[in-house]
*Asks:* 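First the structure, then my questions, so here it is.
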Amino acid sequence: MILTKAQYEEIAQCLVSVPPTRQSLRKLKQRFPSQSQATLLSIFSQEYQKHIKRTHGKHHTSEAIESYYQRYLNGVVKNGAAPVLLDLANEVDYAPSLMARLILERFLQEHEETAPSKSVINSMLRDPSQIPDGVLANQVYQCIVNDCCYGPLVDCIKHAIGHEHEVLLRDLLLEKNLSFLDEDQLRAKGYDKTPDFILQVPVAVEGHIIHWIESKASFGDECSHHAYLHDQFWSYWNRDGISQCCSGWCGTPGLSDSSASASQSAGITGVRKHFLPGILMKCVCK
Amino acid sequence: MAAVLESLLREEVSVAAVVRWIARSTRGSEDNPGEAAALSSLRPLRKEFVPFLLNFLREQSSRVLPQGPPTPAKAPGASAALPGRPGGPSRGSRGARSQLFPPTEAPSTAAEAPLARRGGRRRGPGPARERGGRGLEEGVSGENLPGAGGRRLRGSGSPSRPSLTLSDPPNLSNLEEFPPVGSVPPGPTGRTKPSRRINPTPVSEERSLSKPKTCFTSPPINCVPNSQPSALDTSPWGLGLPPGCRSLQEEREMLRKERSKQLQQSPTPTCPTPELGSPLPSRAGSLTDEPADPARVSSRQRLELVALVYSSCIAENLVPNLFLELFFVFQLLTARRMVTAKNSDPELSPGVLDSLESPLFQSIHDCVFFAVQVLECHFQVLSNLDKGTLKLLAENERLLCFSPALQGRLRAAYEGSVAKVSLAMPPSAQAVSFQPETDNRANFSSDRAFHTFKKQRDVFYEVLREWEDHHEEPGWDFEKGLGSRIRAMMGQLSAACSHSHFVRLFQKQLLQMCQSPGGAGGTVLGEAPDVLSMLGADKLGRLWRLQERLMAPQSSGGPCPPPTFPGCQGFFRDFILSASSFQFNQHLMDSLSLKIRELNGLALPQHEPSDEDGESDVDWQGERRQFAVVLLSLRLLAKFLGFVAFLPYRGPEPPPTGELQDSILALRSQVPPVLDVRTLLQRGLQARRAVLTVPWLVEFLSFADHVVPLLDYYRDIFILLLRLHRSLVLSQDSEAKMCFLNKLLLLAVLGWLFQIPTVPEDLFFLEEGPSDAFEVDTVAPEHGLDAAPVVDQQLLYTCCPYIGELRKLLALWVSGSTGRSGGFMRKITPTTTTGLGAQPSGTSQGLQARLAHAFFHNQPPSLRRTVEFVAERIGSNCVKHIKATLVADLVRQAESLLQEQLVTQGEEGGDPAQLLEILCSQLCPHGAQALALGREFCQRKSPGAVRALLPEETPAAVLSSAENIAVGLATEKACAWLSANITALIRREVKAAVSRTLRAQGPEPAARGERRGCSRACEHHAPLPSHLISEIKDVLSLAVGPRDPDEGVSPEHLEQLLGQLGQTLRCRQFLCPPAEQHLAKCSVDLASLLVADQIPILGPPAQYRLERGQARRLLHMLLSLWKEDFQGPVPLQLLLSPRNVGLLADTRPREWDLLLFLLRELVEKGLMGRMEIEACLGSLHQAQWPGDFAEELATLSNLFLAEPHLPEPQLRTCELVQPNRGTVLAQS
């Protein structure tokens, strides 16, 4: 399924400064019933991440952290069961998981002499039971399960989606009898940066020659295309000495009612050497 | 200049600042203002600093090493100078020996040193001159070396070792000129005056102010040995001076008189008369090497500072010639004796505080210390020298004593080095085979022309053979012997097209004879196996080596020899000179230009940087060889092009000056260049092919006459080359741009070019900010040839044989030292008495090789190409095949062995490195099979390939020969690679397998090997894990809140969710470990919420809470999922974490029955042990709870603990009854 640019922009328009919660997502779904939840979530997540990237800095000043922490403490003293941290995050327009991390870090700093290491914090966020303070543990947990754009659970979902689509892609390639080398084989050959699959015999799709396929199980918007193109695609291009065209899986993670033909679902939109925004706006849902 | 050095020594400015100051014209931002101020006042002197520094160092060293041990030329200079020298070894005059660049007037901050130098020169003109002339030669090429003199002799005759030449020099009997030198080899004693010398700096005041040209390394072209046999005159230093320097001649005459006076007066040079103020010590005591001792180094700090500045200048390529500086440093390192400086000091600098006034090197210890300091900074360069040099360096006991660390690194580099360099002579002449495509009648205008061509061909080869037979005989002269015949032959060429035919033949023959890719017969016989492995085995290889040692040029004439025509090239040079036919020259230039353009534009294979595989080595070697062939051909062609193109402008007379020069310039600038080298260079730089273009361009330019560098066109080229030179900073890690050895090659050839006399040395020190500007020029494709490792040590040493001088210097040190054996000058001991003649072809193997050679010679060239191509590919495939079969099998064996090992050794499994050792020792012996397998593979595959590629009509005999040769070559190639690398390959693969296995076994041994795939019938229609995590997360977030009043989940939905979870877990297709972990954790969270009854249920308010029965059913589903379907660990202990149990505290009324139920089931299903649960319950008590909650908790744990260990049916209904608290009873 392909999303037009106008549709995409309409969705993105609705997402300006909306907290990343279950409720927001539900509203979005009511507004755009024709889009799958996965597509919406993916766009939401990406838009929200862009937003956070822009505003990240102002939440990390020491004054901001201190004022958040004080507000948290006051709130908890008043009522420990209330969603203090979550409300705080929504109020200041910051991702709840990130807010939880901020407060947790601040809390640990206060209660332990040494600054907490990143891995300690990460493991506490993964498993809030390890947090020494019960109230904070509950608050943090609440933030994490209510955040649909950040946090360890969301990370895991993203990872799982990436993995699943790689498997799907592999199955499709096998089904189409296309000979390929996958990432592990390529690494064994000593490639340092590899796409997911290199086709041993290139194929042509819609007039573009495809040498390799990288599964990016996220919504392919303009910005992420730029970023990927910059970070990854050129380095593949250099390594594989490929002439014309590279291709990306510009699809969102989708539903599994796959009736689309293989070439469609391979999600190949030609990311040409000379970047064509029209093509990039295609969003392929399986 | 001196001021700069002094402020350095006084630590006013830092070394880094000085180097920045020299390298860049503008002030760097990182300079501290004070330093910058100190330096900016010296601004005008900036470009003179480096020449000053170099001169300063040589000057200083000359005071300490005045009798550069075995160099006899030194001694007469020293003693002859005595009477005329009032101020001891005045710096100016002494220094001239090594004065690279003429001192220039320091404009403003007149430094003392230059003044003193001038003064010194003024005071002692005669000796200064004399010493200048010869001293320079010593400093640069002569010391310790069978240098240029040896070359001269060889040029005129035998290719013998320099030590054999001692019999013919003029006045050996002259004790003063040739004093006994003790244990040092007699070799250099017999040398005539080397031709490489500079024009001594004239001494008159006026001349020293101008910039006299001191070409300190190379003689003018016209002094090239063979071209001027008469140059072997009796005057040891009278060579190579451009006539016309009147005053010099006069001075020389004065000197000569002076010297003869000396001879009469003081026959014993060992007793310098004290009143002469000589700093020279008694010779008698200095016959043995003086040991160098790090503890006796004086003014360490100063030496370190100067060494650092010097090293930085070298590293920044501020010096013209990297290898010349290394050579100088090696000389310091191997200096044998010193002059005790005690009586020279006070006289030189009475009461002067100036730090420059006291000598830098006061003892041999200082010299060695300084040398080692510098060498330490250039380890990277050293480590890329050939294996022989590395060995000598690593074995140098002075190095060991002064810097054990450096010695250790060198030893490691030596042991790891594979850079064996063989400088064997190219194979002997082979006639160019008949070229049917061009040499047929159709290409000639008439029968007559064709006939003439055939005749000429015959004459040409006759001449060539005669030259081969006679040119090494003493007294044979090319011109006398062959000149008339050549001219007669040229006279027959009337038609223009005949000329072009002949030129083609000439050029082909030139290429065939003179370029030597990879040593003698390398392509047919393959590379000589490693020295150790062939001991006693391979006679042929040994003979090659013996021949190489006997035949290889021992000296190329110091570190900066002039351009020469060694070996067969001499024939072609002489042929051109003798023919002296302008038609021939013109056609030759056309043809050479064409061929150069063609080769220069050749698309050479590109290297893929990511391919680091062993097998690609095999392919890459071929590509490297191809590059070497192209490069060497280009260099040869360019050399001859340069020779012919500039021939009309070169002459023995000195370069014109003044108006004459201007008019010549005006004229010459009109002449178009014979080949548009400027464009080719620019394109080469842009395309990042400098490593191909620059070496041949240097050859071309090395034959330029004096006017050429002044022409705008060529000046541009020189400026480009200078910028390139400056930009090639070795320490910069820019492998992507250019490989280290590529850089080294370019630096070597450019450095050599900058030392050629016709290149004005002030060109090098042009005041420009080159490197910045250079970067702009080379915005270019990312992977040019420059980035590919096309240059190896063999090519480097073939192109720049003068680098080998470093090795000779070290070798001489070894051989000259007392009480040492071995080293370079090992005696050759024949191991058999028969068949070891000078004819290596006596063996059948050699005969075979020659037969193969002959076979190809008679066949069309395509046959040879085909056979070589097949051999190349099959050899490479063979390696790949072995890797995929034998090695892969061994790796599998290794894996199973490792498993056994791990089982027997238990969990920890021992040290991985040790494991690897054990495995390798078991498996590597199997590598020996590789050779047999490889042989079999080549035997099987090659014939078919040859047959498929050759024309059907090929005669059977030819075909079978071709097949056999292909098999042989392929086998040789494959076996050579395999025998050298198979062990390393197995090791590498096994190592990878071991680390893979250990990693897989690593953190969670329980999970290893137990992962099941989904069942065969599975169609992978289960919901995707990501979808499930996201669904469960939604439920969790609902339960945790905050939520709207109308939100909730239906019990059916929960049941469905758990059912889907089961499906997903059973279909492993899409499941990755992190997803499974999170699913496990989420399911535990879900269970906790169920137990605490925290899940909001949709429906009417009365039904708001989940029914007991439903809750139990859901818990049962979860329990079975944990038991049956999760393959990873499930964090069940989290059920009893304070946080999850705490959820219970919030519910009113509290219900404990579900928890108790869950705990019992866990135990029953064996998911958790009783002890584990008890421990968890115990730790729960430590947390802080509300009073009543803690009590209930205690009751629960007592109840749980009270149960017998074996669950009994009647206890299943046991309930926790506390009606007074309103706790609801369990309804089971």
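A, B, ... follow the sequence lines: proteins, then strands. Residue 1 opens every chain. Computed from a predicted model, the values in this text were never measured in an experiment.
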*Asks:* Which atoms of Leu1028(B) are under 4.5 Å from chain A, going by heavy atoms: the side chain, the backbone, both sets, or neither?
*Replies:* neither

*Asks:* Quick one: does Pro1042(B)'s side chain get under 4.5 Å of Gln142(A)'s, heavy atoms only?
*Replies:* yes

*Asks:* Only distances under 3.5 Å count here; give the side-chain donor-acceptor pairs of residues 125-133 of chain A to other protein atoms, sequence neighbours excluded, each with its distance to 0.1 Å.
*Replies:*
from      : atom 1 : to        : atom 2 : distance (Å)
Asp127(A) : OD1    : Ser129(A) : N      : 3.2
Asp127(A) : OD1    : Ser129(A) : OG     : 2.9
Gln130(A) : OE1    : Ser123(A) : OG     : 2.7
Asp133(A) : OD2    : Val135(A) : N      : 3.3
Asp133(A) : OD2    : Leu136(A) : N      : 2.7

*Asks:* Counting only heavy atoms closer than 4.5 Å, note whether Leu1134(B) contacts chain A via side chain, backbone, both or neither.
*Replies:* side chain

*Asks:* Which bit of Lys1081(B) is near chain A, if near means a heavy-atom gap under 4.5 Å: side chain, backbone, both or neither?
*Replies:* side chain

*Asks:* Under a 4.5 Å heavy-atom cutoff, which of Cys1072(B), Ala1039(B), Ser1137(B), Pro1023(B) has the most pairs with chain A?
*Replies:*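 The residue among Cys1072(B), Ala1039(B), Ser1137(B), Pro1023(B) with the greatest pair count is Cys1072(B).
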
*Asks:* Sort out for me which of Pro152(A), Pro83(A), Cys148(A), Cys156(A) touches chain B most, counting heavy-atom pairs under 4.5 Å.
*Replies:*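 Ranked by heavy-atom pairs under 4.5 Å with chain B, first place is Cys156(A).
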
*Asks:* For the atom pair OG (Ser1030(B)) and CG (Leu41(A)), what is the distance rounded to the nearest 0.5 Å?
*Replies:*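 So the gap between those two atoms works out to 6.5 Å.
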
*Asks:* Please examine the side chains of Ser1037(B) and Thr21(A), heavy atoms only from C-beta on, and report whether any two atoms are closer than 4.5 Å.
*Replies:* no

*Asks:* Looking at Leu1036(B), Leu1038(B), Asp1085(B), which hits side-chain contact (heavy atoms from CB on, under 4.5 Å) with Val145(A)?
*Replies:* Leu1036(B)

*Asks:* Before giving the answer on side-chain contact (heavy atoms from CB on, under 4.5 Å), spell out for Ile161(A) and His1027(B) the whole-Å C-alpha distance, their side-chain angles and the decisive distance to 0.1 Å.
*Replies:* CA-CA 8 Å; Ile161(A) 290 172; His1027(B) 173 70; over 6 Å; no

*Asks:* Which distance, rounded to the nearest 0.5 Å, do you find between the CG of Asp171(A) and the CZ of Phe1070(B)?
*Replies:*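 Between Asp171(A) CG and Phe1070(B) CZ, I get 6.0 Å after rounding to 0.5 Å.
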
*Asks:* For Arg170(A), which atoms come within 4.5 Å of any heavy atom of chain B: side chain, backbone, both, or neither?
*Replies:* neither

*Asks:* Could you tell me which non-hydrogen atom of Ile144(A) sits nearest to which non-hydrogen atom of Lys1033(B), and how far apart they are?
*Replies:* O-CE, 4.0 Å

*Asks:* Look up atom CD in Glu164(A) and atom CG in Leu1071(B), then write down how far apart they are to the nearest 0.5 Å.
*Replies:*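 Between Glu164(A) CD and Leu1071(B) CG, I get 8.5 Å after rounding to 0.5 Å.
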
*Asks:* Taking atom OG of Ser1026(B) and atom CD1 of Ile157(A), what is their separation to the nearest 0.5 Å?
*Replies:* 7.5 Å

